[in-house]
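Below is one structure, written out as structure tokens; the observations come after it.
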Amino acid sequence: MKKYKTGLVLSGGGTRGFAHLGIIAALYEKGIVPDVISGTSAGSIVGAFIASGKSPKEILSIFKKGWLFKYTKLHIPVDGLLKLDGLKEIIQKEISAKNIEDLQIPFFISVSNLNKGIVEYKNSGLLGETVLASSSIPILFSPVKLGDEFFVDGGVVDNIPVKPIQNDCEKLIVCNISPINPKVKVKNLIQITSRTFYMNVNARTNEIANSADVYIEPEGINKYDFLNLSHAEELYELGYKSTIKAIESQLVE
């Protein structure tokens with residue numbers, strides 16, 4: 001018998017992370033609650049709040065205040081063009097658990113070790129700092145120091161982190177919000193950098209989709225920009241409707 005009944009994997013995808021909330025809301029509505037969660041980047045942010053016990057609607061309300069992936073330009077970029085403002089602080093304010101291991105639901109965060117060049121899956125340690133590290137897209141955002149080493153976005157090596165939980169779950173639900181739009185227009189360095197990053201992170205998508213018991217990739221999500229905050233409700237509904245459809249077609253129980 002495996003350790004967990006249902007495992008939930010949340011991919012990175014920038015501000016498309018609002019879709020994760022709609023996905024989880026639909027799962028909850030059907031009585032499907034994860035026993036363990038694994039996430040990277042946007043998935044690590046959503047996963048942290050879900051693992052703390054907050055509902056998708058509560059989290060949506062918090063996110064819509066405007067801090068999620070809010071960024072400002074640095075005057076003299078040394079290790080990143082932009083800086084994530086307030087992410088760690090809002091996690092510390094809204095989530096009572098200070099450490100990953102203190103969350104209500106077991107939670108793994110994918111981070112890329114910049115010093116060693118490997119992916120690591122953290123299920124203990126400081127929550128705010130680890131989520132910040134997992135969300136720091138290289139070049140766009142500054143690396144985060146954890147202990148004596150520097151870490152960046154987990155998606156650099158593993159954007160859909162099934163590995164830490166796949167052998168411990170009876171059923172694995174994988175949510176991918178980072179497919180690439182082949183017709184997008186790139187207008188500036190920030191968009192070029194983010195698009196290049198997500199081109200790389202999609203390399204193993206088909207392999208992972210085939211290994212999942214249930215694979216959810218909201219139809220049409222590739223039309224939304226990775227760093228645009230103006231479509232929160234649309235993305236939430238897109239995630240919700242796609243999951244209801246997946247539940248009906250893939251017979252989730």
Subject >> Test item: Lys98 side-chain N/O and Gln92 main-chain N/O as donor-acceptor pair under 3.5 Å >> reply: yes
Subject >> Contacts of type side-chain contact (heavy atoms from CB on, under 4.5 Å), residue Ser112, not counting sequence neighbours >> reply: Val152, Val156, Val157
**OP:** Enter the distance from Ile45:CD1 to Ile50:CD1 here, rounded to the nearest 0.5 Å.
**Re:** 13.0 Å
Original post:
What are the two closest heavy atoms between Ile165 and Ser38, and how far apart are they?
Top reply: CD1-CB, 4.0 Å
Original post:
Which pair of heavy atoms, one from Ala246 and one from Ile216, lies closest together, and at what distance?
Top reply: CB-CG1, 4.0 Å
**OP:** With sequence neighbours left out, write down each residue that passes side chain to side chain donor-acceptor pair (under 3.5 Å) with Glu233, or none if nothing qualifies.
**Re:** Lys64
Original post:
Do Ser41 and Asn159 meet the criterion of a side-chain donor-acceptor pair at a distance under 3.5 Å?
Top reply: no
Subject >> Shared hydrophobic cluster for Leu127 and Ile62 (ILVMFWY, side-chain gaps under 4.5 Å) >> reply: yes
Original post:
Minimum heavy-atom separation for Ser178 to Asn176, with atom names?
Top reply: OG-OD1, 2.9 Å
**OP:** Taking Arg16 for its side chain and Tyr224 for its backbone only, find out whether a donor-acceptor pair lies under 3.5 Å.
**Re:** yes
Original post:
Between Ser44 and Leu10, is any pair of side-chain heavy atoms under 4.5 Å apart?
Top reply: no
When the side chains of residues 19-30 are checked against the rest of the protein, which donor-acceptor pairs come out under 3.5 Å, sequence neighbours left out?
residue : atom : partner : partner atom : Å
His20   : NE2  : Ser11   : O            : 2.8
Glu29   : OE1  : Tyr240  : OH           : 2.8
Glu29   : OE2  : Tyr240  : OH           : 2.8

Subject >> Within-4.5 Å side-chain heavy-atom neighbours: Lys163 and Tyr121 >> reply: yes
Subject >> Inter-residue atom distance Ile109.CD1 - Ser124.OG, 0.5 Å rounding >> reply: 10.0 Å
Original post:
How would you list, by chain and number, every residue that makes a side-chain contact (heavy atoms from CB on, under 4.5 Å) with Asn99, sequence neighbours excluded?
Top reply: Glu101, Asp102, Leu126
Original post:
NZ of Lys93: more than 12 outside heavy atoms within 6.0 angstrom?
Top reply: no
Subject >> Which residues share a side chain to side chain donor-acceptor pair (under 3.5 Å) with Gln166, sequence neighbours left out >> reply: none
**OP:** Compare all side-chain heavy atoms of Ile37 with those of Phe108 and state whether any distance is below 4.5 angstrom.
**Re:** no
Subject >> Rounded distance [0.5 Å steps], CZ in Phe18 versus CG in Leu235 >> reply: 7.5 Å
Original post:
Just wondering, do Val162 and Val174 contact through their side chains at under 4.5 Å, heavy atoms?
Top reply: yes
Original post:
Going by atom types alone, do Glu217 and Tyr215 pair a side-chain donor with an acceptor below 3.5 Å?
Top reply: yes
Subject >> side chain to side chain donor-acceptor pair (under 3.5 Å) partners of Asn113, counting only residues at least two apart >> reply: Glu120, Glu149
Subject >> CG-CD1 distance between Leu132 and Ile91, expressed to the nearest 0.5 angstrom >> reply: 7.5 Å
Original post:
With distance as the sole test, does Ser110 use its side chain to make a donor-acceptor pair with the main-chain N or O of Asp158 at under 3.5 Å?
Top reply: yes
Original post:
Rounded to the nearest 0.5 Å, what separation is found between the CG atom of Asp35 and the SG atom of Cys169?
Top reply: 7.5 Å
**OP:** Flag yes if Val46 and Val33 sit in one hydrophobic cluster, no otherwise; membership is Ile, Leu, Val, Met, Phe, Trp, Tyr, and two members link when side-chain heavy atoms are under 4.5 Å apart.
**Re:** yes
Subject >> Residue pairs, two or more places apart or on separate chains, that pass side-chain hydrogen bond (donor to acceptor under 3.5 Å, both in side chains) and touch residues 45-58 >> reply: Ser55-Glu58
Original post:
Is it the case that one hydrophobic cluster holds both Ile59 and Ile105, taking links as side-chain heavy atoms less than 4.5 Å apart, direct or via other members?
Top reply: yes
Original post:
Can you name the nearest heavy-atom pair linking Tyr236 to Pro56, along with the distance?
Top reply: OH-CB, 4.0 Å
Subject >> Non-neighbouring partners of Asn167 that pass side-chain contact (heavy atoms from CB on, under 4.5 Å), sequence neighbours left out >> reply: none
Original post:
Is there side-chain contact between Phe150 and Val144, with at least one heavy-atom pair below 4.5 Å?
Top reply: no
**OP:** Using a 4.5 Å cut-off on heavy atoms from C-beta on, say whether the side chain of Pro34 contacts that of Ile173.
**Re:** no
Original post:
Is there a side chain to side chain contact (heavy atoms under 4.5 Å, CB included) between Lys245 and Glu219 once you walk through the steps?
Top reply: CA-CA 10 Å; Lys245 184 177 180 180; Glu219 185 177 353; 3.8 Å; yes
Original post:
Where do Leu172 and Asp213 come nearest, in terms of heavy atoms and distance?
Top reply: N-OD2, 2.6 Å
Subject >> Presence of salt bridge, Glu129 and Lys145, under 4.0 angstrom >> reply: no
Original post:
Is it the case that more than 12 heavy atoms not belonging to Lys2 sit under 6.0 Å from its NZ atom?
Top reply: yes
Original post:
Do Val111 and Thr130 come close enough that some side-chain heavy atom pair is under 4.5 Å?
Top reply: yes
Original post:
Hey, what do you get for CD1 (Ile95) to CD (Gln104), rounding to the nearest 0.5 Å?
Top reply: 10.5 Å
**OP:** Flag the pair Phe151 / Leu114 as yes when at least one side-chain heavy-atom distance between them is below 4.5 Å, and no otherwise.
**Re:** no
**OP:** Would you name the heavy atoms of Gly12 and Ile177 that are closest together and state the gap between them?
**Re:** O-CG1, 3.4 Å
